[in-house]
Amino acid sequence: MTNGRIRKEGDVEYRFTHPDDFREHVRDRKGRAPVPKLVTAKEAVAAFVSDGDYIVYDFSSLTRGPQSLIREVIRQRKKDLWIGAEFTLHESPLLVGAGCATRIDVGFLGYGNYIGQAVCDGRVRTYEWTNGGLALRILAGARGVPFLPTRDLLGSDNMNVSAAKTIKDPYTGDPICLVPALNPDVAFLHVHQADVLGNARIFGTNLFALEAALASFRVIVSAEEIVESDEFRKDPMRTTVPYFLVDAVVHAPFGAYPGAMPARYEIDLEHVDRLNAIRTEDQMGKYIEENIDSVADHEEFLDRRVGAKRMQELRRRATIIEGYR
Amino acid sequence: MTNGRIRKEGDVEYRFTHPDDFREHVRDRKGRAPVPKLVTAKEAVAAFVSDGDYIVYDFSSLTRGPQSLIREVIRQRKKDLWIGAEFTLHESPLLVGAGCATRIDVGFLGYGNYIGQAVCDGRVRTYEWTNGGLALRILAGARGVPFLPTRDLLGSDNMNVSAAKTIKDPYTGDPICLVPALNPDVAFLHVHQADVLGNARIFGTNLFALEAALASFRVIVSAEEIVESDEFRKDPMRTTVPYFLVDAVVHAPFGAYPGAMPARYEIDLEHVDRLNAIRTEDQMGKYIEENIDSVADHEEFLDRRVGAKRMQELRRRATIIEGYR
Amino acid sequence: MARTVEFTDTEFMIAQGARLIEDGKTIFVGWGIPQVVAMLAQKLYVPNVTQLFEFGAIGPQSVLPFVRGTMGGPQNTYRSLQWLNMNWAFSYSATGYMDYGMLGALQVDPYGNINSTFLGGTFRKPERRFAGSGGGNQVASHCWKTIIVIKHEGRRFVPNVDFLTSPGYLDGPGARERAGLPRGTGPYRVVTSKALFGFDERSRKMTLLSVLRGLSVDEVVKEMAFRPLLAPEIGEIPPPTDDELRVLREEIDPARFIIRGEKMSAIG
Amino acid sequence: MARTVEFTDTEFMIAQGARLIEDGKTIFVGWGIPQVVAMLAQKLYVPNVTQLFEFGAIGPQSVLPFVRGTMGGPQNTYRSLQWLNMNWAFSYSATGYMDYGMLGALQVDPYGNINSTFLGGTFRKPERRFAGSGGGNQVASHCWKTIIVIKHEGRRFVPNVDFLTSPGYLDGPGARERAGLPRGTGPYRVVTSKALFGFDERSRKMTLLSVLRGLSVDEVVKEMAFRPLLAPEIGEIPPPTDDELRVLREEIDPARFIIRGEKMSAIG
């Protein structure tokens, strides 16, 4: 069930949920009790992603991205998705190429000619919020306010192809930009460690991990490693997201593949080059068939399409450990 | 030199700096080069706190508060200060009692009858922003925007004795509260570890440590421990404030005394009880004479008024270490 | 089995507050007595409650005894799920994640509006000045159900608060929503040292629900400067249990700094 | 000592960009070529520059070689002063802490307005669509001095950008301030594979400052779809130094993935 409302202003559509409607979802549909939520990716995507949903994810295509969850969304051929595309290189072309996504809030549209051509062909509609604007919309959602102000976007054409508004600031009298809150239907977070309840830890920087978890109707965490719940209480500064924001936990070693997981494994540049090279429907179809449709799940993908030897090599290459703990 | 401007609206005064004026201060007066900034508390307060300044601090009177800096401000008898009082128990009575502070943004006014009586006597003016409102004002200052919206304060009398405003939210049509950005003249942060450049680390929660450092014209860090600069680059997730926000670093072991420093030493409850018991000018005068004016600095205070034995005992009592690293 | 239990008014107020908290829910805890209520509740009744504090501790499990006056020290912050800061803490409440809020008050009016700022005189010339909102305004604005914990003294229950620090139902039904406060929120219970109140769904006025065993409705109501509504049936609240008193006196506050107060007794 | 140096247009653009960065200052670095410029600068010229990236790395010291396409990987994030997130990163720039911003561009106009969104057609029916702003809009809006790094090709220097993704001086003097953008900010230099431009203080129009040694002003200007202003004296930019080329070719991009391009030569 898609929760957010679509608004239309002129030629621009945007997702907006009244903060009170989001709050009622949180009150009635998000559990506070510590209960195990460990499920398979198949179960998580089937239960928590619906056609028409708005999806955001953290971090990037090449680093700590929730790639196994994105592939599962494609495997299940969710339809008419709306993507908050930030630090996207390959997610948007793949989701559009598979027929899953029809609208993209940009952000960064994605890498390569395929996605650009899809926009030119009208197969996907875009709205231009910019990276900072999207991050701020999610922060507004996370703070329970209907908008946040910013001193960028002003003067640019992005203002005309988004629902950002200019008002007169009552304190300075100057023009200021407002962006509306974004409450995505689903946030995907790929993390270093999680427990079965949903407590989750990221090492390194993030785009808006806690913001997205607070702002989203549903949160799916995929984790390289499942750890004991007690770990989080021993070290509360390291907790990125507490369990009660999270709806499902998926154990996904190599879940960021072909991207890197800092301090765990490096990028598979050869595989990334194959993604970067996709230009035609035919190439897109072949990639999806080989890497997604012809394997039952992430485990089979790793086993049959990546292989233990390559995984070992990518682990070996991850030599920068400092700071990621 | 006091940087922020005072505005008056009806009976309410409030500090407000146009974001562009703050930006120009940051451009012209805050250094980006990594240069040593280690000075004594006396030097830091003399150089960076002026009569008329607006001061904020982090964390509380009983936990990780910058008490040695507050005492130095009193020792130097800075005048006409305006205090952003959040998690204050003893700072506001002491600063008012010593004749240093004449305005308080509340927050939490402080503990005990002395400060309440000072308000009744008209010796200090208060404005009511609430803890959340003050934290949000500082966040606005830290984000470089002139205001931030919130869905509290609305309907309360705080709206009448602060410069919070109600506007019609252009996205929902509902009333929403705006609070103006706060750019304090000075922020005091007492931290576990700092280097001589100003990089600083806090272990545990904070009120608005990074916000206050970004929002303030000048930042004085006092630290229990001075560590090598390299420590910060080895563990960037633990950095609370990077050096280029900071103007002065003071080495202040037991700087939170009589409050606690988590994982280092516990509260001196006997000393706190003496503070709590202050009701009259005479008691206030005696406390200030004995603990501040009659000692040259923090080191002499610790040596002659606290003593090595008590410090050792307070260290011994700090048995909760877990998480504070 | 009936016997006379002796306790203080503070102990009773804390104990009945602790019984109201639901397990597996979240509660935003204010400074002072609410902290003690939450400690007692978590110790005896609701091991899986998630407490949240404005200074950024999400889900701490306090170390006992309580160090009086502290909020944010290692004891109050121990074994949290997450350590953040104030703006994040209020983001959890603003997005609707806080089921309950619990606050003390100087004064409360029939609509559950809270004053914690001053008594008598005017704002600029008060007769007595107190600490002000702290984070109380945010808690009362954001949480789904706010529980007010207050000593049962006549001067505290007034027709109009001297200063509206933290919002109850303001001036009646729909007023919160009209002011822009989050829909469906407001005061839920008022826990006193003699009785328990709720709020009438229609009029949003304070309604006496139950009284300490052995007290009459009149004994409770006469010590209020307004007349509350009365529930169709007024319940009876048992005095503090042996467990409640033991945990309060031996584990939470062995120095009896907080739990001291006027002596009371009731049939246990 | 004079001798002919051979290099690519990309190498020259990167090298002259690197020479512009001041030590002991801060720079907000955009995706792609600006990352390489910053790496070269930090390696050779400005050890104490603080780089900042929108993904929340404050002051990283990149590990070489550069892993093409990455931004936010452990190599780009190594030995940072602080790791945060995007909203915090843009708080550093919004409060005026970023002295320089450095961005690539598809198109630039005489006022330094940047298009990185689409070329030809309309927004809804573009002829070619590209990645869009990323964080470029914020960098160009907030930083004190924005440096644009762009290949010197005629189709990139246009009288009007097809889409104004990231603001230059908009339509002239005072326009940024009238729009509400932070006062005193704007494009500072345009670094191309043939020349260096600034912006006239009065008219805010792009002004040719200097050209690669051996090129004439006409050779530079003829490859632009608008005529820039000319500085009173046009300077001469030396080609990449041996050190610059060695670091680029051996340390930063040994696979020559980024630095390849059109072959050029000049007297070193």
Side-chain angles (χ1 to χ4, degrees), chain A residues 11 59-60 62-64 86-87 89 106-111 115-117 119-120 122 125-126 128-133 135-136 139 150-158 160-161 166 169 174-177 204-211 260 262-263 266-267 269 272 276 318 320 322-324, chain D residues 31 53-57 63 67-80 83-87 89-90 93-94 113 115 117-118 121 123-142 161 163-167 170 175-182:
Chain A
D11 193 34
F59 183 75
S60 86
L62 297 184
T63 307
R64 200 179 49 70
E86 186 136 344
F87 270 57
L89 298 175
V106 181
F108 191 92
L109 179 64
Y111 192 88
I115 186 67
Q117 193 58 50
V119 174
C120 295
R125 285 175 78 84
T126 66
E128 307 299 311
W129 292 96
T130 78
N131 276 359
L136 195 62
L139 181 60
T150 184
R151 298 188 70 205
D152 41 57
L153 291 166
L154 295 157
S156 80
D157 285 340
N158 304 292
N160 311 320
V161 289
T166 307
D169 159 30
D174 295 338
I176 191 155
C177 177
T205 70
N206 67 89
L207 296 181
F208 37 55
L210 176 55
E211 287 97 316
E266 256 302 334
I267 302 172
L269 280 172
V272 166
N276 290 345
I320 299 175
E322 194 173 279
Y324 294 100
Chain D
W31 191 76
F53 291 86
E54 58 180 322
F55 60 83
V63 175
V67 183
R68 57 193 158 81
T70 60
M71 197 190 213
Q75 299 84 0
N76 319 141
T77 311
Y78 190 58
R79 288 182 63 75
S80 293
W83 285 345
L84 295 165
N85 63 16
M86 183 170 286
N87 283 305
F90 288 131
S93 56
N113 298 307
N115 174 19
T117 303
F118 74 88
F123 176 73
R124 278 283 155 239
K125 242 353 208 169
E127 287 171 17
R128 295 185 67 194
R129 168 72 210 216
F130 297 84
S133 162
N137 179 275
Q138 281 71 42
V139 172
S141 297
H142 298 167
V161 287
F163 187 89
L164 201 166
T165 311
S166 302
L170 303 177
R176 283 176 71 93
E177 287 77 4
R178 283 192 298 277
L181 292 166

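Proteins come first, then strands; the chains are lettered A, B, ... in the order of their sequence lines, and each starts at number 1.
Top candidate by heavy-atom pairs under 4.5 Å with chain D, chosen from A/Ile176, A/Leu89, A/Leu136, A/Thr166, is A/Leu136. The candidate with the highest count of non-hydrogen atom pairs below 4.5 Å against chain A, out of D/Asn137, D/Leu181, D/Val63, is D/Asn137. Put simply, of A/Ala135, A/Pro262, A/Cys177, the one with the most heavy-atom pairs under 4.5 Å next to chain D is A/Ala135. Of the listed residues (A/Ala260, A/Ala209, A/Gly323), the greatest number of heavy-atom pairs within a distance under 4.5 Å of chain D belongs to A/Gly323. Taking D/Gly136, D/Ser80, D/Gly135, D/Ala89 one by one and counting their heavy-atom pairs under 4.5 Å with chain A, the maximum is reached by D/Gly135. Each of D/Pro182, D/Ala57, D/Gly69, D/Ser93 has some count of heavy-atom pairs under 4.5 Å with chain A, and the biggest count is that of D/Pro182. No other option in D/Trp31, D/Phe118, D/Phe53 has as many heavy-atom pairs under 4.5 Å with chain A as D/Trp31. Ranked by non-hydrogen atom pairs under 4.5 Å with chain A, the options D/Gly134, D/Gly132, D/Gly121 are led by D/Gly134. Highest contact tally toward chain D, considering only A/Gly204, A/Gly122, A/Ala263, is held by A/Gly204 [criterion: heavy-atom pairs under 4.5 Å]. Taking A/Thr130, A/Leu269, A/Asp174, A/Leu62 one by one and counting their heavy-atom pairs under 4.5 Å with chain D, the maximum is reached by A/Thr130. Counting heavy-atom pairs closer than 4.5 Å to chain D, the top residue among A/Phe87, A/Phe59, A/Phe208 is A/Phe87. Of the listed residues (D/Ala175, D/Ala179, D/Pro74), the one with the most heavy-atom contacts under 4.5 Å to chain A is D/Pro74.
Contacts of D/Val139 with chain A are absent, with no heavy-atom separation under 4.5 Å from either backbone or side chain. Neither the backbone nor the side chain of A/Gln117 comes within less than 4.5 Å of any heavy atom of chain D. Looking at A/Asp169, neither its backbone nor its side chain comes within 4.5 Å of chain D, counting heavy atoms on both sides. Contacts of A/Thr63 with chain D are made by side-chain atoms alone, with heavy-atom separations under 4.5 Å and no backbone atom involved. There is no contact between A/Arg64 and chain D, counting heavy-atom distances below 4.5 Å.
In the displayed structure, D/Arg68 atom CZ is contacted under 6.0 Å by more than 12 heavy atoms of other residues, nucleotides or ligands.
Residues A/Cys120 and D/Lys125 come closest through the heavy atom pair O-NZ, 3.2 Å. Taking each heavy atom of A/Thr126 and D/Arg124 in turn, the nearest pair found is O-NH2, 3.1 Å. Closest approach of D/Arg178 and A/Pro175 over heavy atoms only: O-CG, 3.3 Å.
For the pair D/Asn85 and A/Glu211, the minimum side-chain heavy-atom distance is below 4.5 Å. For the pair D/Phe163 and A/Val161, the minimum side-chain heavy-atom distance is below 4.5 Å. Using a 4.5 Å cut-off on side-chain heavy atoms (C-beta onward), A/Val119 and D/Pro126 make contact. The side-chain heavy atoms of A/Glu86 and D/Met86, taken from C-beta on, include a pair separated by under 4.5 Å. Taking the side chain as every heavy atom from C-beta outward, A/Leu109 and D/Phe130 never approach each other to under 4.5 Å. For the pair D/Gln75/A/Ile267, no side-chain contact is recorded, criterion being any heavy-atom separation below 4.5 Å from C-beta on. For the pair A/Asp157/D/Asn115, no side-chain contact is recorded, criterion being any heavy-atom separation below 4.5 Å from C-beta on.
Side-chain polar atoms of A/Glu128 and D/Ser133 form no donor-acceptor pair below 3.5 angstrom.
For the atom pair CG (A/Asp152) and NE2 (D/His142), the distance works out to 3.5 Å, reported to the nearest 0.5 Å. Within the model, atoms OG1 of D/Thr117 and CG of A/Asn158 stand 6.0 Å from one another, a figure rounded to the nearest 0.5 Å.
The aromatic rings of D/Trp83 and A/Tyr324 sit tilted, their planes meeting at an angle between 30° and 60°.
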